Amino acid sequence: VPPLLALVRHAIDRRDLRRAALLLDRATPIADRSSSFALTHAVQLASVQTLIALGQEDRATEAAERAVKDAEERLGPSHPALVDGLLVLGLLESKRGKAGGVERFARAELLARRALGEQSPQLGVIAMGHGLALFQLGRGREAEPHLARAEQALARSPSRAFERSLVGAV
């Protein structure tokens with residue numbers, strides 16, 4: 001299944017969404033029969049990415065909620081494997097102007113900080129999403145510390161020029 005997931009990501013990158021969906025159709029039953037939750041979770045998250053790329057945000061939200069719920073049940077509510085699913089939910093909910101996106105980002109930031117440490121560049125990306133979600137809801141004053149943290153974290157990472165430019169634009 002991991003080679004299939006690599007092909008799915010490649011198909012999404014090339015915007016060949018039909019191929020991505022077909023590959024996921026092949027990977028899902030294999031992952032479902034697997035005893036590896038990590039594999040099942042990876043397929044769930046790849047499905048979410050494909051649904052987003054296809055513009056099916058309602059289905060993507062349902063799939064991401066299911067992935068987070070499954071991870072919570074299998075690994076506990078504080079496991080770092082929840083971060084990616086929470087980020088996707090935060091993005092989808094924020095895009096719709098829902099306050100729940102802020103809560104998802106806050107939880108993802110907390111879990112990532114515990115798992116990765118304060119110096120992780122990934123925290124910058126999470127803080128940026130958290131700040132932008134607050135900003136979008138008209139809560140600019142609350143957004144400022146998150147955006148400042150994002151800028152600091154991303155400044156430490158030379159491979160994050162794109163994210164740094166986004167923070168600077170806000």
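Bear in mind that the values here come from a model prediction, so they are computed numbers and not experimental data.
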When rounded to the nearest 0.5 angstrom, what distance separates CG in Leu147 from CG in Leu132?
5.5 Å
How far apart are the closest heavy atoms of Arg114 and Ser78, and which atoms are they?
NH1-OG, 3.9 Å
Val48 side chain near Gln44 side chain, heavy-atom distance below 4.5 Å:
no
When you look at Leu51 and Asp58, which way does the side-chain contact (heavy atoms from CB on, under 4.5 Å) test go after all the steps?
CA-CA 9 Å; Leu51 290 167; Asp58 290 338; over 6 Å; no
Spacing of Ser47 atom OG and Glu62 atom CD [to the nearest 0.5 Å]
13.0 Å
Transitive ILVMFWY cluster of Leu134 at side-chain heavy atoms under 4.5 Å: who else is in it?
Val102, Leu137
Residues Glu109, Arg113: salt bridge by 4.0 Å N-O rule:
yes
Give, for atom CG of Leu123 and atom CD of Gln152, the distance between the pair rounded to the nearest 0.5 Å.
12.0 Å
Between Leu111 and Val68, is there shared hydrophobic-cluster membership here, with clusters defined by ILVMFWY side-chain heavy atoms closer than 4.5 Å?
yes
Here the gap from His79 atom NE2 to Arg74 atom CZ, rounded to the nearest 0.5 Å, amounts to 11.0 Å
Might you point out which heavy atoms bring Ser94 and Ala133 nearest each other, and give the distance in Å?
OG-CB, 3.1 Å
Could you give the side-chain donor-acceptor pairs of residues 80-88 under 3.5 Å, partners two or more places apart or in another chain?
none

Check the surroundings of atom CZ in Arg14: do more than 12 heavy atoms from other residues, nucleotides or ligands lie under 6.0 Å from it?
yes
Would you sort out whether Lys98 and Glu57 count as a salt bridge (charged side-chain N to carboxylate O under 4.0 Å, His left out), showing the intermediate values?
CA-CA 14 Å; Lys98 293 184 177 181; Glu57 292 181 0; over 6 Å; no
Spacing of Arg139 atom CZ and His146 atom NE2 [to the nearest 0.5 Å]
8.5 Å
Nearest non-hydrogen partners of Met128 and Ala150, listed with the distance
N-CB, 3.5 Å
Inspect the contact between Lys69 and Glu73 and indicate whether a charged nitrogen and a carboxylate oxygen are less than 4.0 angstrom apart.
yes
Non-hydrogen atoms of His41 and Ala67 that approach each other most closely:
CE1-O, 3.6 Å
Do Leu91 and Leu89 sit in one hydrophobic cluster, given that two such residues count as connected whenever their side-chain heavy atoms are within less than 4.5 Å of each other, even indirectly?
yes
